[in-house]
Amino acid sequence: MDKTSFFQDVYDVVRLIPKGRVTSYGAIANYLGTKGSSRMVGWALNSSIGKDIPAHRVVNRSGLLTGKKHFGDPNRMQELLEKEGIKVKNNQVQDFDKLLWDPIKELF
DNA sequence: CACATGACTGGAT
DNA sequence: AATCCAGCCATGT
């Protein structure tokens, strides 16, 4: 994670997210070392659209599907999550604390 | 080179 | 407890 694009690092972590799990922007940012730059994570994911990046598994710290509107179709993100067994209600992930996959805790 | 923007977060009011 | 404000870093103009 030096000369590699910040995006590439984000992609790598997001790809490692287990199916049926979710993570928060802050968790990824913290894992990358750029703690506090959660905005960059989200922005990086913005470029992940159209790639093999399961960006739908990344939500904000409240478990809210903040980036659903960037998927082309707002309903796409929720459907993908529900398809993986994640319960989503009102753009919000249910049992978020339970499904939360923290790279720092899981990978470290 | 400086300002503005962005899928966020945490502390302050 | 809910809302507001400021900080955070990378990319684009």
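Atoms considered below: every heavy atom in the structure, side chains included; atoms not considered: hydrogens, waters and symmetry mates. So you know, we letter chains A, B, ... as the sequences are listed, proteins then strands, and number each from 1.
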Can you tell me how far [atom2] of [N] sits from [atom1] of [X], to the nearest Å?
{"X": "A:D73", "N": "B:dA7", "atom1": "CG", "atom2": "P", "answer": "17 Å"}
{"X": "A:D9", "N": "C:dC9", "atom1": "CG", "atom2": "C1'", "answer": "13 Å"}
{"X": "A:W43", "N": "C:dC9", "atom1": "CH2", "atom2": "C1'", "answer": "10 Å"}
{"X": "A:R61", "N": "B:dA7", "atom1": "CZ", "atom2": "P", "answer": "18 Å"}
{"X": "A:I28", "N": "C:dC9", "atom1": "CD1", "atom2": "P", "answer": "17 Å"}
{"X": "A:F7", "N": "C:dT11", "atom1": "CZ", "atom2": "C1'", "answer": "7 Å"}
{"X": "A:N60", "N": "B:dG10", "atom1": "CG", "atom2": "C1'", "answer": "13 Å"}
{"X": "A:L45", "N": "C:dA10", "atom1": "CG", "atom2": "C1'", "answer": "14 Å"}

Considering every strand and a 4.0 Å limit on heavy-atom distances, what is the contact class for [X]: base, sugar-phosphate, or nothing?
{"X": "A:N46", "value": "base"}
{"X": "A:A55", "value": "base"}
{"X": "A:S37", "value": "sugar-phosphate"}
{"X": "A:S48", "value": "base"}

Inset, instruction - Verify whether one side chain among A:Y25 and A:T66 offers a donor that lies under 3.5 Å from an acceptor in the other. - result: yes
Legend entry - Donor-acceptor pair between A:Q78 and A:H56 side chains, under 3.5 angstrom: no
Inset, instruction - Output yes when a side-chain donor or acceptor of A:R57 lies under 3.5 Å from a complementary backbone atom of A:I17, and no otherwise. - result: yes
Return all side-chain donor-acceptor pairs below 3.5 angstrom for residues 85-108 of chain A, not counting sequence neighbours, or 'none' if the list is empty.
{"residue": "A:N91", "atom": "OD1", "partner": "A:K68", "partner atom": "NZ", "Å": "3.0"}
{"residue": "A:Q94", "atom": "NE2", "partner": "A:Q92", "partner atom": "O", "Å": "3.1"}

Inset, instruction - Name the residue closer to the 5' end of DNA chain C, choosing between A:S38 and A:T34 according to the nucleotide with the nearest heavy atom. - result: A:S38
